[in-house]
Structure formats: C-alpha cells, structure tokens
There are 2 protein chains.
Amino acid sequence: MREVAALAGVSVKTVSRVVNQEAGVSSAVRERVSSAVSRLDYRPNLAASNLRRAGARTGLIGALVQDLSNSFSAGVLRALEDTARAHRTGVLATSLDEGVERERELVHDLVTRRVDGLVIMPASTRHDYLVSELRTGTPAVFVDRPPRGVDADSVVVDNASGARSGTEHLLARGHRRIAGLFHLTQIVTVQHRIDGFRSAHEAFGLVPDPRLVVTDISSAEEATRVVDRLLALDDPPTAIFAARNLLATGAVRSLAQHGLRRSVALVGFDDFPLADLLDPPLTVVRQDVARIGRTVGELIFQRIDGDTSPPRHVVIEPTLVVRGSGEIRPTA
Amino acid sequence: MREVAALAGVSVKTVSRVVNQEAGVSSAVRERVSSAVSRLDYRPNLAASNLRRAGARTGLIGALVQDLSNSFSAGVLRALEDTARAHRTGVLATSLDEGVERERELVHDLVTRRVDGLVIMPASTRHDYLVSELRTGTPAVFVDRPPRGVDADSVVVDNASGARSGTEHLLARGHRRIAGLFHLTQIVTVQHRIDGFRSAHEAFGLVPDPRLVVTDISSAEEATRVVDRLLALDDPPTAIFAARNLLATGAVRSLAQHGLRRSVALVGFDDFPLADLLDPPLTVVRQDVARIGRTVGELIFQRIDGDTSPPRHVVIEPTLVVRGSGEIRPTA
DNA sequence: TGTGACCGTGACATCGTTGTCAGAACCGGG
DNA sequence: CCCGGTTCTGACAACGATGTCACGGTCACA
C-alpha cells in the first residue's frame, strides 16, 4: 500500500479511500491511484483490514460435515454454499468421518480463525465443549443431529417418523420378518430410527426378531456381509429396512449376489442419485437435502446478522418415495 | 490479550510467549497466564498474528470445482482435503457451475484473502487473467482441465485415450452405429473426448454418423431427451458412448423408459457410486478421483513449500471398467 | 567482592489497514 | 479583500499480535 501511495504521490490513507471507493477523492487523484494499483498488482490485505475495522467479518463460515464425498453431506453443503454465496461468504468445509476428537479440534481451530459462523454435523454426542467456544460470540447451527449440552439452532429430519413410515410401508404389504440395518447406536439419529422401526412393529402388534436387528454397521461392505448372513438363516427376512444410504447400497449388493433383488423387499433411508435407476428402483425415505442446506444457511446468517432470539429447532419431515423395491410382496 | 496480561499480572509479550509455547518463561508465570487464558476464553487472533509474523501462511487453500454435489468434484475434493489436513490447512471450496465470470471473481477474492494456494477446475478456457493474480506469489494447480495462457501445474486424465478405449470397446464387439453424447464443446477435455471417439472409429476404418454425435448436452435430463430422439430414428444406434457421468445416467433413464437397457450397449465416462448396481451394471471409463485429488494436493503443497521448478503436467490414464452394459452385442 | 553469562521479563516498533481529526486549498458572498 | 464553508488530503493512532532489544536479577567463578 505504501508503494502504491509512493508511486501515485499520495498518502496511504488516500490509497485506502480509493480502494474502498470512499467519496471525497478528486477524480484526478483517483485515476493516478488506480493505475498505480494495477501497475503494482496491489491487493489489499483483508486480514489487516478486518483487524482495523470494528466488528468486521471474515466472510467465512466453517462447516463440519460427516463426509464430503457422501451424497447427503455433499448435497447439504452445496445448498449451504449457495446461500453463503448470496451473503458474500466462503465455506470452509471439512469431513469428520465420525471423529469426535477431530470435531473438537476443528471447532477450536475455526473459532480461532474467527469464522463468522459454524455449521456442525456433529460426530460427538455431547457438545458441552462448545459452550466456551460459543461464548466468543460465534453462532453455530447443528445439522442432521441435534445439540446436547449446549443451546444452539438445529435443523434435523424427523428420523423416528421417517423410519416408522418406511417400516410400516413394508408391514402393510404383509412382511412380518423385516431386517433392520442401522449405523452406530451412539448416534442419536440412529437411535431414533431404531425407535421408529420398533414403533412401526408395535403399531402392528409385533416385536422385531432381535436376530434381524443389526446395529453398528458402518460401511457398505459391512452391510453386504450382514445381509449375506441374514439371508443364510433358516427363516430369512422377507424384507429389509436399511436405515442409511450406504447400508442400502450394501444390502442391494448382497441381494444382487444372491439373485434376490426381485424377491426380497428393500426400503432405504436417504435418497441418492440413481436410486431410481436400480432394478427394481429403490423405495426410500427421502430427506430433502437442498431444503436442509438452505434452512441451515438462513438460520446461520440470521444469527450472524445479530438475531439473538432463543434457539430454533427446525424439524423437516422426510417423505417416502415409492419406486418398486419396497413394494415386493413377501414370498410364501 | 491485554486483558489476559492484566489478569495474570504480566505483559502482553509474556502472554504471547506462553500462548506460542516459547521457551524462557518460568513455570509459575506460565501457570498464571494459562489459567487467565482459560478463565477469559481467550483465543489468539490468527489474522493479527499472521500480519506480524514474516511470511506466515493463512493455512487456507482455495478450491474451485465444477459442482460440489457431483461425485467427481466431491471425490477429488475429498482426497485433496485429506492431503490438506496433513499440512494443517483448510480447504475453501466453491462450485463454479461452469460460470466463467464467477471463476474470475472467486480467484481474485481468494488471492485477496491470501490463500496459500489455489486449486482450479476451470470453467473458463483461457486463463490469461491468472497471470497477474499469480504474480502475487500464490501457486495454482489446475485439475481436470489444463491451463491455457498461463504457466501452472496441472493434473488431468488422458481424455482422448479414455474416450478412444471406451469407443473401441464397443466397436470391437461389432457395434457400427454408436451414438456419442458430449458436454459443452468449448471445454477442452470435451474436445479431446470427441477426438478419442472419432479416432477409435478411424482405427476401424469408420466415420461416425454425424446424426449420432450430439454435443453441448449439459444435464442428465437433456441427455435423456437426446437419447429418446436418437432411439426414434429409422436406423437407431445399437450402442451409446456417454462422455460424462451425468450424460450416462440420463442415457440409462431413456433406455429404461424404452425397455432397451439390455439391448442397447452403453459405456460411460466417469465412474460413480452404484454404477455396478445398475442392471446391467454400467461399463465405464474410470478416472481415479482419489489419485487425482492426492496428486493435486502433493503438487500444491510442494509449491507452497517453495518449489520453484518448471510447471509439471501430470497425466493420469483412465481405465476401462468392464461390468456388463458395454458388452451387449448389437441387435441384428 | 567483582565480573560475566544467563535467565526471565517488558517496552517498543511494526505488520497493513482504516477511523479520526485537522489542515490546506478553493469557492462564493459581503 | 476578508470570511465562512466546502472539498480534498494527510498525519497519527489504533486494531491484535510478535520480533528485537535492553533491562534487572541470579548464579558461578575468579
């Protein structure tokens, strides 16, 4: 900046005025400064500017998601990004891979970076550690999983209701032996999905066979092996409820290997690209990722703009998308 | 920081020493300062610190990708993110959606933010505008599409060779009327894929029927309509080469609607999750996204660490993944 | 006891920028 | 020609941190 000032023969303050398009600079001087700026490839230092300006923003929000390459995370992030762009803000996104310790470190790091807001798809189950972080004034919004131990906005889907409707869909078609595939039980949303799975059974006066309820499956490959095993039972399931997108794809792989894709019903939780192109097309409980991402964006920017009303907890209802795989009748 | 110093009864410089774990502070003082830090929830201001420190890094790299929610972009980004984490660096990712103007603005913005490096999956075809941006010393690496008008590292796949091997795969199985679906011709990689498609034909002493070569298709929906139209021709294609993941899925939708998934052969360019679960499973030319992302990460961090050797252009060979859809024989 | 080395600490300048305020130059009106 | 009011410009301090250097105190040793 000093160099620009020297080249243009003015003070640094005048350069600052020109760069920030402040009024009250003669056009002759403005011209000289502008040409000096471009001749020297001068770029104002945003950090220094933010330092000096009162209550300036960094124009950055931090987003901690489960896994960038998972279509759910990516979809939410994409919608969030679009909202952020409208507010001239960048998104600093990181995958957590269910790493609890990593979550803590990253939050600390992001707060230290002075991001304007945090969007957290948490790996941890207790978020007390956030209290001191948020005292610094950084607003946070939780996505997909609700906050515990700290008061913050959240956007989640009604997991119990989604799992319930998916399961009831199978029960209503006569299935009585339904396998339930679930992710890590320590995750609250997974617990809710299990609850929904059970309450659907109760509504039909049934109790799920414990051998058919498998939890803590964390990859598609593991889901495939689990289904392989279930299909080998004396009385195998006639339908499968896979409570997460990766588990559904794992289940499809197993069914395909056994040539049972058209005989065993399957309902998944989470829609994903191409689910409609499978054969049979996959019936799923869909979470509207774009809407979730947009809602998160709206909440966080309201907070950034100074909204201090009590935390809001937005619950988005998932919808059942009927495509074929969930309508297969039980084999006698 | 002043408050911490006051509370601990020391100077700010000593607080700085403790925070940065510098040697030469008595443990008593260190103790007092640490407790003051946690009592006040003090967080050092990274921006101010960077301002003072000579040649400090922001610990940020900017990544401009085509579309975060596309599995190709997301996969590359995920691998890049992992590399960046190893270097204690965050990734500021943005979708370009083929927006040329947006690319320019974002690059300018990121350079102004003083990111340590830029990773660009460019929307534009000429990158002269980068010359002045890069003069500031920010290194850049191009992904997926090569730089033109500026000297910078790049990581691309051999598009011509990939398209050629995919097309030859179909020709070798007796197909003579092969439809080619391509994205925007202004994109260099698309031109190369077209070249590969043609040269495969030449190798068989053939010339593609111009009516079967459709370019500038930019969405899955449009691809579906195009295939609908091609199938309605008097002499419809017996095989389809879809030179991008979205175009392949669009093609599958059309084939499905016409009940032709098992009669018309299909080879796609770009692998994606679940391609193996389609029926028939999709034969594709696969780009190793993880390897691309890792390579990009290695290049950019070498530059950040001061490597000033001439630009390197890494070409990654795509591989043909045979699954079924590409092995369908032509119908008589 | 004096001396030099070393240790712990703080004062001050500085990074690049902008808010504040004051001064210089110019204008029109009396 | 003087005066008050604009208009334009610059000097200076400050944002939050750290590099430099100098200071006072301990300690070992001559």
Side-chain angles (χ1 to χ4, degrees), chain A residues 1-37 40-60 108-116 136-138, chain B residues 1-37 40-60 108-116 136-138:
Chain A
M1 194 164 189
R2 261 207 301 270
E3 291 174 36
V4 174
L7 180 59
V10 298
S11 72
V12 289
K13 176 65 213 191
T14 297
V15 174
S16 164
R17 277 194 260 262
V18 172
V19 169
N20 292 293
Q21 311 192 39
E22 283 178 41
V25 182
S26 70
S27 54
V29 170
R30 184 182 303 278
E31 193 57 34
R32 281 214 313 278
V33 172
S34 297
S35 78
V37 162
L40 296 177
D41 281 326
Y42 166 75
R43 298 276 184 293
N45 184 322
L46 212 77
S49 170
N50 278 336
L51 189 58
R52 185 58 180 87
R53 262 194 253 261
R57 294 177 185 169
T58 54
L60 229 44
H108 190 84
D109 198 68
L110 290 168
V111 170
T112 299
R113 273 186 200 276
R114 302 288 195 276
V115 293
D116 298 331
T136 64
T138 314
Chain B
M1 193 163 188
R2 263 206 300 268
E3 291 175 37
V4 174
L7 180 59
V10 298
S11 73
V12 289
K13 176 63 212 190
T14 298
V15 174
S16 163
R17 278 194 260 261
V18 172
V19 169
N20 292 295
Q21 311 190 39
E22 284 178 40
V25 182
S26 70
S27 54
V29 170
R30 186 182 302 279
E31 194 58 35
R32 280 214 315 277
V33 172
S34 297
S35 78
V37 162
L40 295 178
D41 283 327
Y42 166 76
R43 298 275 184 294
N45 185 321
L46 212 77
S49 170
N50 278 336
L51 189 56
R52 186 60 179 86
R53 260 195 253 264
R57 294 177 184 169
T58 53
L60 274 182
H108 190 84
D109 198 68
L110 290 168
V111 170
T112 299
R113 274 186 198 278
R114 303 288 196 277
V115 293
D116 298 331
T136 64
T138 314

> Of the candidate nucleotides D/dT18, D/dT9, C/dT18, which contains the atom at the shortest distance from the side chain of A/S26?
Replying inline: D/dT9
> Got a sec: does the CD of A/E22 have more than 12 other heavy atoms crowding it under 6.0 Å?
Replying inline: yes
>> In whole Å, I'd like the distance from the CD atom of A/Q21 to the P atom of C/dT18.
In response: 12 Å
>> Measure CD/A/E22 against P/C/dT17 and give the value in whole Å, please.
In response: 14 Å
> A/N20 versus A/R53: any side-chain heavy-atom pair under 4.5 Å?
Replying inline: yes
> Just how far, in rounded Å, is P of D/dT18 from CZ of B/R57?
Replying inline: 18 Å
>> Using a 4.0 Å heavy-atom cut-off, does B/V10 contact any base of the nucleic acid, only the sugar-phosphate backbone, or nothing at all?
In response: sugar-phosphate
> Starting at CG of B/N50 and ending at C1' of D/dG16, how long is that distance when rounded to a whole Å?
Replying inline: 12 Å
>> Using whole Å, what does the distance between atom P of nucleotide D/dG16 and atom CG of A/N45 come to?
In response: 16 Å
>> I need the CZ-P distance between B/R114 and C/dC15, as an integer number of Å.
In response: 15 Å
> When you look at CD of B/E3, are more than 12 heavy atoms from neighbouring residues, nucleotides or ligands closer to it than 6.0 Å?
Replying inline: no
> B/R30 near the nucleic acid: base, sugar-phosphate alone, or nothing, with a heavy-atom cut-off under 4.0 Å?
Replying inline: nothing
> When we call it a touch if two heavy atoms are under 4.0 Å apart, what does A/V29 touch: a base, just sugar-phosphate, or nothing?
Replying inline: sugar-phosphate
> Would you say B/S16 reaches D/dT18's phosphate, i.e. side-chain N/O to OP1/OP2 under 4.0 Å?
Replying inline: yes
>> Side chain of B/L51, heavy atoms from C-beta onward: which of C/dT20, C/dT9, C/dG16 has the nearest atom to it?
In response: C/dG16
>> What contact category does A/N20 fall into here, base, sugar-phosphate, or nothing, at under 4.0 angstrom with non-hydrogen atoms?
In response: sugar-phosphate
> Which nucleotide, D/dA17, C/dT20, D/dT18, lies nearest any side-chain atom of B/A48?
Replying inline: D/dA17
> If each of A/V12 and B/G9 is mapped to the nucleotide of DNA chain C with the nearest heavy atom, which maps nearer the 5' terminus, i.e. the 5' end?
Replying inline: B/G9
>> Given D/dA17, D/dG10, C/dG19, identify the nucleotide with an atom nearest to the side chain of B/R52.
In response: D/dA17
> When the distance from CE of A/M1 to C1' of C/dT14 is rounded to whole Å, what number comes out?
Replying inline: 16 Å
> Where the side chain of B/P44 is defined as all heavy atoms beyond and including C-beta, which of D/dA17, C/dA11, C/dT18 is the nearest nucleotide?
Replying inline: D/dA17
> What's the shortest heavy-atom distance between B/V12 and B/A5, and which atoms?
Replying inline: N-CB, 3.8 Å
>> Within the 4.5 Å heavy-atom criterion, are B/R113 and A/L60 side-chain neighbours or not?
In response: yes
> Where the side chain of A/T138 meets the backbone of A/V111, is there a donor-acceptor pair that is under 3.5 Å apart?
Replying inline: no
>> From C-beta outward on B/K13, which listed nucleotide comes closest to its side chain: D/dT20, C/dT18, D/dA17?
In response: D/dT20
>> Of the listed nucleotides (D/dT18, C/dG10, D/dG16), which one gets closest to any side-chain atom of B/R17?
In response: C/dG10
> Quick one: is B/S49 getting a side-chain N or O under 4.0 Å of the D/dA17 phosphate, OP1 or OP2?
Replying inline: no
> Of B/R53 and B/A23, whose nearest nucleotide on DNA chain C comes first from the 5' end?
Replying inline: B/A23
